[in-house]
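This is a predicted model, so every value here is computed, not measured.
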Amino acid sequence: MDHTDPQLAEASAGVSAYRLLSPGLQTVGLRTHQARYDNLGEARFPRPAEEFVVASRFAPWDREAQLSGADYFGDVMATALSVIDHETVAAADAVELPPPVEVSLPLDEAVARRRSVRRYTGDPVALAELGTMIRFGGGVTGEADGELMRGGTTTYRFRAVPSGGGLYPVEIHVAALDVPELPVGTYRYSPVEDVLVRTGDRATVDRLRESFAIPGGIISVESAAAVVLLVARPWRSMRKYGPRGMRFVLHECGGIAQNMHLTATGFGLGTTDCSSYVDDLANEALGLDGVLSFLAHTIFVGWPG
């Protein structure tokens, strides 16, 4: 008896209809991702994604990794971690955030309702709501004292997102497109000071917009009120964890993004993740070198259209 799903059979036939049959991938000038997949047995071409997975593995005999991590348990690094991201911000560049807005929607309902929203009405989003999203994404939520080996204590600050070793290698930036309390521009969130720090003007936003390469206008970029920008500084994590630290960078981006999506859902706002940007153009617009600091992820924010 034939139990083959007709739709599955049709899809399989469709894929097979254009599958490349060639002596090797080296004979193809234009190598699509599908072509690479169909020729995984070809060993002469680089496979950077898999190489990253292998390079970031942890082994119990890796003494270099163990020694690097042990350095972080002494008083010097314990003290350094207690002041991480503490900074003096010039008053002229700082924007105070209004008190957070209460999210009345229960968590289980927010999880059930969350959907990616790509079309927006063009209405502005208030700084109070955007600021609450930012705080819930990576704001300071608690403090605790830790004892030092030489005596005395130091204060640690905990945040809304989990971070490998408490190193927080991901910064939250925002491009304000239509936030009444903010001039159009880019801003960086300072979590310890709980303020936004202006980093760019309208020209910066225009260059950032030009870096998005969204096919078919799937996301209504022009009608969004803001774009959250997650900027990674991987060596803050890799200094301790080596290549595995890059995994923690990606974990942290995911945690921040999900917290923001659920908060936005609680407000009735629409959000969507977006990685359709030309990295070199986006990093250049934000003044990032693209390696030691780079744009890792973006989230569009607006009222659902």
Side-chain angles (χ1 to χ4, degrees), residues 33 49 52 103 105 107 109-123 125 129-139 159-164 168-179 186-189 205 207-234 237 246-283 285-286 288 290 293-305:
H33 300 314
F52 164 69
V103 182
L105 192 69
L107 176 61
E109 192 168 348
V111 171
R113 287 190 187 182
R114 191 223 61 80
R115 296 291 183 274
S116 295
V117 177
R118 300 175 178 85
R119 297 287 177 181
Y120 313 106
T121 63
D123 294 319
V125 170
E129 292 160 331
L130 183 61
T132 302
M133 287 179 56
I134 292 171
R135 285 180 172 125
F136 285 7
R159 303 188 194 178
V161 63
S163 182
Y168 304 107
V170 180
E171 288 184 337
I172 300 175
H173 294 229
V174 63
L177 311 178
D178 195 356
V179 181
T186 54
Y187 300 81
R188 174 178 56 82
Y189 178 55
V205 170
R207 290 196 300 272
L208 180 66
R209 276 176 167 163
E210 291 172 359
S211 74
F212 284 98
I214 301 172
I218 295 174
I219 301 174
S220 53
V221 177
E222 298 301 324
S223 57
V227 186
V228 175
L229 313 166
L230 301 186
V231 173
R233 297 159 299 165
S237 181
M246 186 62 81
R247 294 195 192 189
F248 298 153
V249 170
L250 304 179
H251 295 168
E252 192 164 321
C253 283
I256 292 172
Q258 184 69 349
N259 282 6
M260 288 191 168
H261 289 312
L262 295 178
T263 305
T265 300
F267 291 147
L269 287 166
T271 56
T272 188
D273 293 311
C274 179
S275 288
S276 296
Y277 52 86
V278 180
D279 293 75
D280 288 346
L281 295 179
N283 288 324
L286 297 172
L288 308 174
S293 59
F294 62 91
L295 181 60
H297 191 55
T298 74
I299 305 166
F300 280 82
V301 184
W303 293 105

Just do the side chain to side chain contact (heavy atoms under 4.5 Å, CB included) check on Phe267 and Thr132 with the steps written out, would you?
CA-CA 10 Å; Phe267 291 147; Thr132 302; 3.7 Å; yes
Mark yes or no for whether [X], through its side chain, and [Y], through its backbone, hold a donor-acceptor pair below 3.5 Å.
{"X": "Tyr277", "Y": "Leu295", "value": "yes"}
{"X": "Ser163", "Y": "Tyr168", "value": "yes"}
{"X": "Asp178", "Y": "Asp123", "value": "no"}
{"X": "Asn259", "Y": "Ala160", "value": "yes"}
{"X": "Ser211", "Y": "Leu208", "value": "yes"}

Can you give me every donor-acceptor pair (side chain of residues 219-228, partner residue at least two apart or in another chain, under 3.5 Å) with its distance?
residue, atom, partner, partner atom, Å
Ser220, OG, Arg118, O, 3.2
Ser220, OG, Tyr120, N, 3.1
Ser220, OG, Ser223, OG, 2.9
Ser223, OG, Tyr120, O, 3.2
Ser223, OG, Ser220, O, 3.2

Looking at [X] and [Y], what are the two nearest heavy atoms and their distance?
{"X": "Arg119", "Y": "Gly217", "result": "NH2-O, 2.8 Å"}
{"X": "Asn283", "Y": "Gly290", "result": "ND2-CA, 3.5 Å"}
{"X": "Met260", "Y": "Ile299", "result": "SD-CD1, 4.1 Å"}
{"X": "Ala176", "Y": "Val205", "result": "O-CG2, 4.5 Å"}

Any residue meeting ring-ring contact (aromatic ring centres under 6.0 Å, His included) with Phe212, in chain and number order, not counting sequence neighbours:
Phe300
State, with a plain yes or no, whether a side-chain heavy atom of [X] is found less than 4.5 Å away from one of [Y].
{"X": "Val161", "Y": "Glu252", "answer": "yes"}
{"X": "Asp273", "Y": "His297", "answer": "yes"}
{"X": "Leu229", "Y": "Val174", "answer": "no"}
{"X": "Met246", "Y": "Val249", "answer": "yes"}
{"X": "Thr263", "Y": "Arg135", "answer": "no"}
{"X": "Met133", "Y": "Val301", "answer": "yes"}
{"X": "Val231", "Y": "Arg188", "answer": "no"}

Rounded distance [0.5 Å steps], [atom1] in [X] versus [atom2] in [Y]:
{"X": "Ser276", "Y": "Ile214", "atom1": "OG", "atom2": "CD1", "value": "6.0 Å"}
{"X": "Ser116", "Y": "His261", "atom1": "OG", "atom2": "NE2", "value": "6.5 Å"}
{"X": "Arg159", "Y": "Ile256", "atom1": "CZ", "atom2": "CD1", "value": "9.0 Å"}

If the test is side chain to side chain contact (heavy atoms under 4.5 Å, CB included), which one of Glu109, Arg114, Arg115 qualifies with Thr265?
Arg114
